[in-house]
Structures are given as C-alpha cells and as structure tokens.
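These notes are about the structure you will find just below.
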2 protein chains.
Amino acid sequence: MEKDDFDLQNFLPYLLNQAAEESSLAFQKIYKDRYGILRTEWRVLFHLGIYGRMTASEIGDRSKMHKTKISRAVQKLTERRFLTRARDDGDRRVEHLELTTAGEAAYRDLRGIAEVYNGRLDDGFSDEEMRVLRVALRKLAGMG
Amino acid sequence: MEKDDFDLQNFLPYLLNQAAEESSLAFQKIYKDRYGILRTEWRVLFHLGIYGRMTASEIGDRSKMHKTKISRAVQKLTERRFLTRARDDGDRRVEHLELTTAGEAAYRDLRGIAEVYNGRLDDGFSDEEMRVLRVALRKLAGMG
DNA sequence: AGTTAACAGTTGATTATGTAACTAACAATA
DNA sequence: TATTGTTAGTTACATAATCAACTGTTAACT
C-alpha cells in the first residue's frame with residue numbers, strides 16, 4: 001500500500017509529539033474549564049506550587065519555557081490573584097513570585113487531579129515498563 | 001528544598017511534552033533553515049512522500065491534525081511548488097494531493113536526515129528499551 | 001568614575017493556531 | 001425533484017506563540 005517504507009510512527013520526534021498531545025488533551029480540558037487558564041499558566045502555577053517562592057528566570061531554567069511566555073503567564077496569574085510579585089531588595093531587577101491563598105488552592109486542586117490522571121495513564125503498563133519509559137523520556141528531554 | 005513533593009518530571013503529559021520538544025528541536029531547525037517550512041508543512045510533506053497521492057482528509061485521519069492546519073499547509077506547499085492539487089472526477093469536493101519533483105526531492109532529503117537523526121536518538125538505548133518505549137508511546141498516542 | 005557588557009523582565013509586531021461559520025458538492029429519502 | 005443531512009475543504013475572527021527590540025538594573029573592566 002505504501003509508496004515509501006519510511007515509518008513516521010517510528011520517528012521519535014513525531015511519535016513523542018503524538019503521545020504528548022493525546023495524553024494531555026483531557027487534562028488540558030480540566031484546567032481550562034475549571035480555571036480558564038492556559039498550558040503556560042498551568043505550568044507556572046505548578047512550579048510555584050511545588051517549589052514555592054521563585055523568580056521568572058528560575059521557572060524558565062527549570063521548565064525551558066521562553067521568558068516572554070512566562071512573563072505573560074505571570075501577568076495573567078497576577079490578574080487572577082493567583083500569585084504575588086515582590087521586588088528583590090538586593091537586586092531590583094529580580095522579582096520573587098509566590099502563590100496567593102487562592103493560587104495555592106487552585107494548585108492543590110489541580111495537583112490532585114493530575115495525580116489521579118497520571119495514575120490512569122500509568123494503568124496498562126507494568127512497573128518495569130513505566131520505569132523504562134520514564135528513564136527514556138527524561139534522557140530524551142535532556143534531564144537525564 | 002521543595003515545598004511540595006509532587007514531581008512534575010513524573011507527570012506524563014509534562015514529561016512527554018518536554019521530551020517531544022527537546023527531541024524535535026534540532027530537526028526542526030534543519031527543515032526550517034533548509035526549506036523554510038513549518039512543522040505542519042513538514043508533516044504533510046512526509047505523508048505524501050510516504051503514502052503517495054492522498055487527499056487532505058486522509059492526511060487528517062492519519063495524522064490527527066486539524067483540517068484547517070492541513071488546509072493552510074497545503075496552500076503553502078502549493079505556493080512553493082512542492083505539491084499539486086487535482087480535483088477528483090467522480091466527487092468534485094475531493095482534491096488529490098501529490099508531490100511535485102521538487103517536493104519529492106525535498107522529502108527524500110529530509111527523510112534521509114530524519115533517519116540519521118532518529119538513529120542518533122536511539123543511541124543510548126538498548127533494543128529492549130527502544131521496544132518498550134515505542135510500544136508505550138504508541139499506546140499513549142492512541143495508536144495502540 | 002566612566003564605559004561596556006550582561007541580565008531580568010516587558011512590550012510590540014508578526015506569525016501561527018483554534019473555533020466556528022461558511023461554500024460547494026454529494027447522498028438519502030420522501 | 002424538493003428537503004434534509006453529510007462531507008471536503010476554506011475562510012474569518014479571536015487568541016496565542018514567537019522574535020526582536022526595548023527598559024531598567026547590576027557587574028566587570030579600564
């Protein structure tokens with residue numbers, strides 16, 4: 001049937017992208033419907049929820065998101081009163097970001113959902129398969 | 001160091017996305033620099049290169065890309081003379097897409113690069129690890 | 001001190017994407 | 001042959017991502 005036997009499904013960048021999109025679809029719907037936030041905003045929220053007080057640059061280093069994305073996500077989350085910004089005393093270029101009570105609540109809510117969601121994705125794989133998968137993905141993501 | 005022990009690196013949608021982005025970065029640079037095309041266009045090009053003559057809908061079914069994306073990618077590729085469109089005689093809604101000689105050449109060039117590139121990504125994993133990885137990704141991508 | 005470079009973060013212009021509404025063609029049924 | 005529904009593909013509008021240029025601040029070097 002095929003004209004050329006190159007297999008897109010074995011081309012890792014393509015396959016990874018398909019898996020990433022498919023697997024994030026339902027979760028995306030949840031944070032969108034429930035809080036009206038975007039993927040970028042969700043990520044910033046989670047970084048602050050997990051690591052506590054951080055600067056935009058630190059979030060950028062960890063997440064590899066571009067700084068303009070982060071800047072705009074921070075703006076949105078500030079408008080929604082999910083985080084507060086505080087200038088650093090020593091270095092006035094730097095801003096420390098921290099979740100508000102409302103931001104914390106949203107984070108914990110979504111975190112709970114993420115855990116359940118993640119558990120569902122894990123189903124269907126053995127422990128060993130999951131281990132191999134995680135190690136491989138971390139390596140591919142450059143966090144090996 | 002952490003405030004909350006939820007691990008983003010174990011949250012599959014996030015981890016998959018990181019791996020997908022990181023792993024496609026260098027390849028993306030190549031098709032962008034060399035042919036000035038986008039990811040969507042690259043995908044359409046590959047579908048036609050692999051399967052030969054196809055319609056936009058068929059590409060959509062296989063790739064799960066949205067039809068508007070495909071429509072615009074086809075326009076761009078047509079402008080660049082990488083493909084030709086031909087109305088179906090029996091059903092005049094349908095358009096058959098086919099690569100031109102130039103499109104074929106671009107496909108073969110990129111296909112070769114993709115193969116080498118994919119091989120490099122595979123390095124560092126054992127055969128068994130790669131097998132598990134591919135099976136898992138296919139399942140997650142809904143192509144189980 | 002004065003100049004230059006580097007850095008944190010923002011903004012603006014361009015480009016890409018998603019959603020919904022649309023056109024044109026075909027199919028099914030009455 | 002009307003009517004209604006469905007399909008292939010496009011377009012318009014609103015939203016989001018990207019890139020480069022920008023402000024304000026600190027660091028480094030002379």
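Keep in mind the model is a prediction, meaning the values are calculated, not measured. Note on naming: letters A, B, ... go to the chains in the order of the sequence lines (proteins, then strands), and numbering restarts at 1 for each one.
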Walking DNA chain D from its 5' end, the first of A:Arg93 and A:His66 to be reached, judged by nearest nucleotide, is A:His66

Quick one: on DNA chain D, does A:Asp89 or A:Glu41 contact a more 5' nucleotide (nearest heavy atom)? A:Glu41

Return the value, rounded to whole Å, for the distance between atom CZ of B:Arg92 and atom C1' of D:dA8. 13 Å

Scan B:Arg85 against the nucleic acid and name what it touches under 4.0 Å (heavy atoms): base, sugar-phosphate only, or nothing. sugar-phosphate

Can you give me the closest heavy-atom contact between A:Tyr14 and A:Leu8, atom names plus distance? CD2-O, 3.5 Å

Could you state the NZ-P distance from B:Lys69 to C:dT15, rounded to the nearest angstrom? 19 Å

Hey, does B:Arg39 reach any base, or is it just sugar-phosphate, or nothing, if we go heavy atoms under 4.0 Å? nothing

On a plain distance test, is the side chain of B:Arg72 in donor-acceptor contact with the base of D:dG9 below 3.5 Å? no

Just checking B:Gly90: base, sugar-phosphate only, or nothing, at a heavy-atom cut-off of under 4.0 Å? sugar-phosphate

Just call it for B:Thr68: base, sugar-phosphate, or nothing, with non-hydrogen atoms closer than 4.0 Å on any strand. base

Indicate whether OP1 or OP2 belonging to D:dG9 is found under 4.0 Å from a side-chain N or O atom of B:Ser71. no

Which part of the nucleic acid, if any, lies within reach of A:Ile70 when heavy atoms closer than 4.0 Å are counted: base, sugar-phosphate only, or nothing? nothing

Expressed in angstrom and rounded to an integer, what is the separation of A:Leu77 atom CG from D:dA16 atom P? 13 Å

Without decimals, in angstroms, what is the distance between B:Lys76 NZ and D:dT10 C1'? 15 Å

Report the distance from atom CG of A:Asp61 to atom C1' of C:dA8, rounded to the nearest whole Å. 11 Å

To the nearest Å, how far apart are A:Asp91 CG and C:dC7 C1'? 8 Å

Looking only at side-chain N and O atoms, does A:Thr40 come under 4.0 Å of OP1 or OP2 in D:dA17? yes

Tell me whether B:Val132 is reachable from A:Phe125 by hopping between hydrophobic residues (I, L, V, M, F, W, Y) whose side-chain heavy atoms are closer than 4.5 Å. no

Counting just side-chain N and O atoms, does B:Gln75 come under 4.0 Å of either OP1 or OP2 of D:dG9? no

Measure from the side-chain N and O atoms of B:Asn118 to the backbone N and O of A:Leu12, and report whether any donor-acceptor pair falls under 3.5 Å. yes

To the nearest Å, give me how far apart CG (B:Asp88) and P (C:dA25) are. 13 Å

Can the positive tip of A:Arg80 be found less than 6.0 Å from the middle of the six-membered ring of A:Tyr35, inside 45° of the ring normal? no

Can you measure A:Gln28 atom CD to D:dA16 atom P for me and round it to whole angstrom units? 11 Å

More than 12 heavy atoms of other groups within 6.0 Å of A:Asp127 CG: no

